[in-house]
S.K.: 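Could you have a look at this structure, given as structure tokens, before my questions?
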Amino acid sequence: MALVNEHFLKLQSSYLFTDIAKKVNTFKVTHPKSKIIRMGIGDVTQPLAPAVIEAMHRAIDEMSRKETFHGYGPEQGYSFLIDAIIKNDFESRGIFIEPGEVFISDGAKSDCGNIGDILRHDNSIGVTDPVYPVYIDSNVMAGRTGNLVNGKWSDVVYIPCTAENNFVPDLPSRRVDIIYLCYPNNPTGTTLSKDELKKWVNYALANDTLIMFDAAYEAYIQDPDIPHSIYEIKGAKKVAIEFRSFSKTAGFTGVRCGYTVVPKELKAFTLKGEGVSLNKLWNRRQCTKFNGTSYISQRGAEAVYSPEGKEQIKATIQYYMTNAKIMCEGLTDCGLKVYGGKNAPYLWVKAPDGLSSWKFFEKLLYEVNIIGTPGVGFGPCGEGYLRLTAFGDRNETEEAIERLRKWTR
Ligand code: PLP
């Protein structure tokens, strides 16, 4: 008899976006003529950069000839992409990363979710609250979170990020083995300054804590003082793994490519206290369970770093950030309190009049036909907020704000 991993059974059966879809479907049935504007799910809407398309076309042509065909590639990724990443994402910021420290993947979600494979089941976990659900759910699956009690996992340390602390997490009240930090943040759209991030690196150095740093939205940073990589902080290579993605940087949500940096000096420990290289373990894990990202995707990702590619993706990011600006200004004019949206494509909107996240969601859906994501779906501290994304089409974004202006008038 095969036994299941019963930790999976602890996961809540319904998923936030499924609940939203159900409510939207009900609305559509009862209001067939209403034009809905979607500002909820964090997917991009603009096409790939021409430089990426050209590179992928060339890669497909190579695949069509025996002499230039590519079969299995290196599990860690092709060196042409790893070299471009090191040169453009790290060297340009004065960070030294070796080729063997970069692992190309099919995106940050897989890596954030799979990294736990190389860590013991009984490590203590800390997350900022609200949080990107993958960090929690993947640890539920591994048995690290205890049980769900009143919306919180009993063995997870939740670190509140609220308007009261300006969405800057305090250090945890009790020591944690692993902490997940995501900056620029999904869902709040807020960031950490260098000094604030330094506090976390120093905490990790002093407490032997491993930091999982998710920088999937670093390309949206506009303010030159905000760190793009945790490795901008001295000592971080001893304590942090960094996740990156081409999804939001370059519209690769449907192409799939990302990467993870696991520094060689980063160690975790055996029960006997022996230090073990996480780089070696992750390499072993990837070689066993992953067969590389497609050659075509990796050639596309390489083109993101070409001079034309850089210009083109910058223009798309500016397009989304202009949406964010229009949304921030419009929502504020409507008397709503808005956070984020300055260095991230997400806006974190406080529900007016003490409404709950779901009540605010329904009000927007039924009264202005706009879909957001209820903040409470990202954790208890998300209650009373709604996440809006700036990934929409410009005309729809403007129309949404116009509807909101009329609605609040
Ligand atoms: N990390 C965060 C914080 C995200 O919001 C997302 C996607 O929405 C991901 C990772 C996953 O990105 P990818 O498409 O590379 O799997």
Side-chain angles (χ1 to χ4, degrees), residues 42 89-90 92-95 97 108 112 125-136 156-173 175-176 178-207 209-245 248-249 260-261 263 266 317 321 324 328 338-348 350 375 378-379 381-382 385 387 389-390:
D89 289 346
F90 297 104
S92 63
R93 299 188 187 281
I95 301 164
I97 299 285
C112 292
I125 301 292
V127 295
T128 54
D129 173 19
V131 66
Y132 176 55
V134 173
Y135 313 145
I136 300 239
V156 173
V157 174
Y158 288 81
I159 306 166
C161 290
T162 60
E164 286 67 44
N165 62 12
N166 215 11
F167 301 94
V168 176
D170 289 331
L171 293 173
S173 48
R175 204 200 139 266
V176 290
I178 302 168
I179 176 87
Y180 287 83
L181 295 176
C182 170
Y183 287 98
N185 188 259
N186 177 13
T188 64
T190 56
T191 50
L192 288 189
S193 68
K194 254 196 188 134
D195 281 346
E196 287 155 355
L197 191 54
K198 197 189 262 175
K199 195 178 71 176
W200 280 98
V201 171
N202 289 340
Y203 169 86
L205 286 164
N207 289 279
T209 296
L210 173 62
I211 300 178
M212 302 290 188
F213 191 75
D214 186 343
Y217 297 96
E218 65 76 32
Y220 288 82
I221 294 173
Q222 311 286 305
D223 180 341
D225 295 332
I226 294 173
H228 287 245
S229 165
I230 195 163
Y231 306 122
E232 289 179 47
I233 312 294
K234 198 161 163 253
K237 283 186 81 181
K238 288 198 173 68
V239 292
I241 291 176
E242 182 163 301
F243 304 97
R244 295 273 190 117
S245 168
K248 309 298 161 65
T249 303
T260 291
V261 180
L266 177 63
I317 288 170
M321 289 313 287
C328 280
V338 184
Y339 303 92
K342 302 274 189 295
N343 292 287
Y346 294 119
L347 283 78
W348 195 234
K350 179 88 184 122
F378 298 100
C381 283
Y385 287 90
R387 188 193 74 175
T389 82

S.K.: Among residues at least two apart in sequence or on other chains, which ones pass salt bridge (charged side-chain N to carboxylate O under 4.0 Å, His left out) with R93?
M.R.: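 Partners of R93 by the salt bridge (charged side-chain N to carboxylate O under 4.0 Å, His left out) criterion come out as none, since no residue qualifies.
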S.K.: Could you list the residues that satisfy ring-ring contact (aromatic ring centres under 6.0 Å, His included) with Y180, not counting sequence neighbours?
M.R.: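 Residues passing ring-ring contact (aromatic ring centres under 6.0 Å, His included) with Y180: Y135.
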S.K.: Can you list everything that forms a side chain to side chain contact (heavy atoms under 4.5 Å, CB included) with A206? Sequence neighbours excluded, please.
M.R.: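 A206 satisfies side chain to side chain contact (heavy atoms under 4.5 Å, CB included) with no other residue.
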S.K.: With side chain to side chain contact (heavy atoms under 4.5 Å, CB included) as the test, would you mind laying out the steps for Y158 and V127 before giving the verdict?
M.R.: CA-CA 5 Å; Y158 288 81; V127 295; 4.1 Å; yes
S.K.: Could you give the distance from OH (Y203) to CD1 (I211), rounded to the nearest 0.5 Å?
M.R.: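 Separation between the atoms: 9.5 Å.
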S.K.: When you compare the side chain of K248 with that of P345, does any pair of heavy atoms fall below 4.5 Å?
M.R.: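 No, too far: nothing below the 4.5 Å cut-off.
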S.K.: So Y132 and P187, do their side chains get closer than 4.5 Å, heavy atoms only?
M.R.: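 They are not in contact (no side-chain heavy atoms under 4.5 Å apart), so the answer is no.
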S.K.: Would you say that Y231 contacts I97 through its side chain, given a criterion of any heavy-atom pair below 4.5 Å between the two side chains?
M.R.: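 Yes, their side chains come closer than 4.5 Å.
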S.K.: Run the side chain to side chain contact (heavy atoms under 4.5 Å, CB included) test against E196 and tell me which residues pass, sequence neighbours left out.
M.R.: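 For E196, the residues satisfying side chain to side chain contact (heavy atoms under 4.5 Å, CB included) (neighbours in sequence not counted) are V168, L192, S193.
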S.K.: Please report the closest heavy-atom contact between K199 and P169, naming both atoms and the distance.
M.R.: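 Taking every non-hydrogen atom into account, NZ-O, 3.4 Å.
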S.K.: How long is the gap from CD1 on I221 to CG on N343, to the nearest 0.5 Å?
M.R.: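 If I round to the nearest 0.5 Å, the distance is 6.5 Å.
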S.K.: How about W200 and L171: do any of their side-chain heavy atoms sit closer than 4.5 Å?
M.R.: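 They are in contact (side-chain heavy atoms under 4.5 Å apart), so the answer is yes.
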S.K.: Can you name the residues that form a side-chain hydrogen bond (donor to acceptor under 3.5 Å, both in side chains) with K194, not counting sequence neighbours?
M.R.: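 Expected list: E232.
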S.K.: Among all residues two or more places apart in sequence or in another chain, which pass the side chain to side chain contact (heavy atoms under 4.5 Å, CB included) test with C381?
M.R.: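 Counting only residues at least two positions away or on another chain, C381 forms a side chain to side chain contact (heavy atoms under 4.5 Å, CB included) with D129, P130, P160, T162.
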S.K.: Under 4.5 Å between any side-chain heavy atoms of Y346 and N185, yes or no?
M.R.: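 The answer is no, as the side chains (C-beta and beyond) never meet within the 4.5 Å cut-off.
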S.K.: State whether the number of non-hydrogen atoms from other residues, nucleotides or ligands found under 6.0 Å of K198 atom NZ is greater than 12.
M.R.: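 Atom NZ in K198 is not crowded, with 12 or fewer foreign heavy atoms closer than 6.0 Å.
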S.K.: Could you pull out all residues at least two apart from S245 that satisfy side-chain hydrogen bond (donor to acceptor under 3.5 Å, both in side chains)?
M.R.: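 Here the qualifying residues are S247.
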S.K.: Indicate yes or no: at least one non-hydrogen side-chain atom of Y339 is less than 4.5 angstrom from one of T188.
M.R.: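 A side-chain contact under 4.5 Å is absent here.
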S.K.: Got a second to check how far F243's CZ is from C182's SG, nearest 0.5 Å?
M.R.: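 Taking CZ in F243 and SG in C182, the distance rounds to 11.0 Å.
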S.K.: Quick one, C112 and M212 - any side-chain contact, counting heavy atoms below 4.5 Å?
M.R.: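 No - every pair of side-chain heavy atoms lies 4.5 Å or more apart.
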S.K.: Under the rule for side-chain hydrogen bond (donor to acceptor under 3.5 Å, both in side chains), what residues qualify as partners of K237, not counting sequence neighbours?
M.R.: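 side-chain hydrogen bond (donor to acceptor under 3.5 Å, both in side chains) check on K237 returns E101.
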S.K.: Residues two or more places apart in sequence or in another chain: which of them pass side-chain hydrogen bond (donor to acceptor under 3.5 Å, both in side chains) with T389?
M.R.: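 side-chain hydrogen bond (donor to acceptor under 3.5 Å, both in side chains) list for T389, sorted by chain: empty.
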S.K.: Output the distance between atom CD1 (I179) and atom OG1 (T128), rounded to the nearest 0.5 Å.
M.R.: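 That separation rounds to 7.0 Å.
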S.K.: In chain order, what residues pass the ring-ring contact (aromatic ring centres under 6.0 Å, His included) check against Y385, with sequence neighbours excluded?
M.R.: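 In terms of ring-ring contact (aromatic ring centres under 6.0 Å, His included), with neighbours along the sequence ignored, Y385 is linked to W348.
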S.K.: Please name the pair of heavy atoms, one in A216 and one in T249, separated by the smallest distance, quoted to 0.1 Å.
M.R.: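 Scanning both residues completely, I find the closest heavy atoms to be O-OG1, 4.2 Å.
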S.K.: Decide side chain to side chain contact (heavy atoms under 4.5 Å, CB included) for L210 and L266; before the verdict, give the C-alpha distance in whole Å, the side-chain angles of both, and the deciding distance to 0.1 Å.
M.R.: CA-CA 9 Å; L210 173 62; L266 177 63; 3.8 Å; yes
S.K.: Can you list everything that forms a side chain to side chain contact (heavy atoms under 4.5 Å, CB included) with L205? Sequence neighbours excluded, please.
M.R.: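 By the side chain to side chain contact (heavy atoms under 4.5 Å, CB included) rule, L205 matches V201, N202, K238, V239.
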S.K.: With a 4.5 Å limit on heavy-atom distance, are the side chains of I233 and F213 in contact?
M.R.: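 Not touching, per the 4.5 Å side-chain cut-off.
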S.K.: Is there any salt bridge (Lys or Arg N to Asp or Glu O under 4.0 Å) pair reaching into residues 210-225, and which pairs are they, with sequence neighbours excluded?
M.R.: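 Checked against salt bridge (Lys or Arg N to Asp or Glu O under 4.0 Å) - neighbours excluded - the pairs reaching residues 210-225 are E218-R244.
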